[in-house]
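Every number for a ligand or one of its atoms is a count from 1 in the order of the listing.
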Amino acid sequence: MKLSELLKKEGLSLSFEVFPPKTDMAFDTVKRATEEIATLNPLFMSVTYGAGGGTSRYTLDIAKNIKERYGVPTLAHLTCVSSTRETVREKIEAMRAAGIENVMALRGDIPAGVSEEERATWGYTHAVELVRELKAFGEEFCVGGACYPEVHPESENQREDIRYLREKVEAGCDFLTTQMFFDNNLFYNFLYKIREAGITVPVVPGIMPITNGNQVARAITLSGSLMPQRFKALVDKFGTSPAAMKQAGIAYATDQIIDLFANGVKNVHVYSMNKPDVAAAIRQNLSDILG
Ligand code: FAD
């Protein structure tokens, strides 16, 4: 089912993100973890695409498995930077053949140290080009795009970032998913600004439960997210105690999700990182809220 339709559904829901294995050997373990998450009755599940496209085959395999065995609608991610037009075209055809209806159209991060000569061989500079390419298939794909409540790290300022976001939506994005954030006010301010800029598609907030102290630095580097004082205190206090940090991180994410629901959001996307226990704990914390 297309996410554009699913997101219109009445009631509150969670969706979960998983990532594909990096090697053949890890495939079964990752597959099992994603299957456990699929049993938690999510609205949909997204499957990320490895940086540089290395694990692209597994993205499809995992997405197809969840959809076919568990009946959970899936969203397959696809990145385009550092690929040729021909390679991306092949990936899109493989998605069609696998019956994938929902695609998250991403640029991907620019690999460090890449030469100008190499860059000249790439077929894309921004995600908007991939959105256009997917939309050239008519209604075949429901297309999502990424957005950044705290501004994409490469953007000069938020106004510029939102201008390009609008261009991406006008090119055909049916919905947007946000980068993780730890302060909901950043999301509410962002939503206000993009609505004012004329962006009307559904925006799904992405929440990352931080469940171990080592994850914090990596999450901040990747996302550029600000750490509110309340969250910093929690990491300072519990960061070196794995069980306590996990409990506190799940509680913090649950609290963010409840606040989002209370303020009118219907679906929250949880960056569950192939951790069925974390996804299940959040689901359980919200059992009466989600019904
Ligand atoms: P773009 O939309 O192209 O934006 C990138 C930057 O370029 C922004 O600063 C934007 O303002 C600017 N820009 C956009 N259009 C133009 C234009 N026409 N001219 C000039 N500037 C422009 N990465 C992965 O490798 N795999 C994944 O599965 C993955 N999933 C993600 C899911 C979500 C929800 C999010 C938020 C990010 C994800 N990423 C993933 C990371 C993402 O690939 C990076 O953040 C990347 O740096 C930007 O991708 P984008 O699609 O937002 O790019």
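Side-chain polar atoms of Asn102 and Thr74 form no donor-acceptor pair below 3.5 angstrom.
Contact annotation: for Met104 versus ligand 1, heavy atoms closer than 4.0 Å belong to the side chain alone. The backbone and the side chain of Arg107 each have at least one atom closer than 4.0 Å to an atom of ligand 1 (non-hydrogen atoms only). Contact annotation: for Tyr271 versus ligand 1, heavy atoms closer than 4.0 Å belong to the side chain alone. Contacts between Phe19 and ligand 1 below 4.0 angstrom, taking non-hydrogen atoms only, are absent altogether.
When only interatomic distances are considered, the shortest N/O to N/O separation between Tyr49 and ligand 1 falls below 3.5 Å. On a distance-only criterion, Ala127 and ligand 1 share at least one N/O pair closer than 3.5 Å. Ligand 1 has an N or O atom lying under 3.5 Å from an N or O atom of Gly108, backbone or side chain. In terms of polar-atom proximity, defined here as any N/O pair under 3.5 Å, Glu160 makes no such contact with ligand 1. At a 3.5 angstrom cut-off on N or O pairs, Thr48 does not count as close to ligand 1.
Closest to atom 2 (O) of ligand 1 by heavy atom, among Lys168, Met180, Glu154, is Lys168. Considering only non-hydrogen atoms, atom 22 (C) of ligand 1 lies nearest to His126 out of His77, His126, Gln179.
Aromatic ring centres of Tyr124 and His126 lie farther apart than the 6.0 Å criterion allows.
Within a 6.0 Å radius of CZ in Arg159, no more than 12 heavy atoms belonging to other residues, nucleotides or ligands are found. Around CD of Gln247, the count of heavy atoms belonging to other residues, nucleotides or ligands within 6.0 Å does not exceed 12.
With contacts defined as side-chain heavy-atom distances shorter than 4.5 Å, the pair Ile62/Asn65 does not qualify.
Of the candidates Lys8, Lys2, Lys168, Lys135, Asp174 forms a salt bridge (Lys or Arg N to Asp or Glu O under 4.0 Å) with just one, namely Lys135.
In the vicinity of Thr177, heavy-atom distances shorter than 4.0 Å reach the ligand 1 atoms 34 (C). Close contacts of ligand 1 with Thr79, meaning ligand atoms under 4.0 Å from a residue heavy atom, involve 24 (C), 25 (O), 26 (N). Close contacts between ligand 1 and Glu167 involve ligand atoms 18 (N) [criterion: under 4.0 Å to a heavy atom]. Numbered from 1 in the order shown, with element, the atoms of ligand 1 that lie under 4.0 Å from a heavy atom of Asp161 read 8 (C), 9 (O), 10 (C), 11 (O).
For Gly206, the heavy-atom gap to ligand 1 stays at 4.0 angstrom or more.
Note on Arg107 versus Glu154: salt bridge recorded, some NZ/NE/NH1/NH2 to OD/OE distance being below 4.0 Å. Using a cut-off of 4.0 Å between Lys/Arg side-chain N and Asp/Glu carboxylate O, Arg57 and Asp24 are scored as salt-bridged. Ion pairing of Glu35 with Arg32 is absent here, as no side-chain N (NZ or NE/NH1/NH2) approaches a carboxylate O to less than 4.0 Å.
Closest of all the heavy-atom pairs between Ala38 and Met45 is CA-SD, 3.6 Å.
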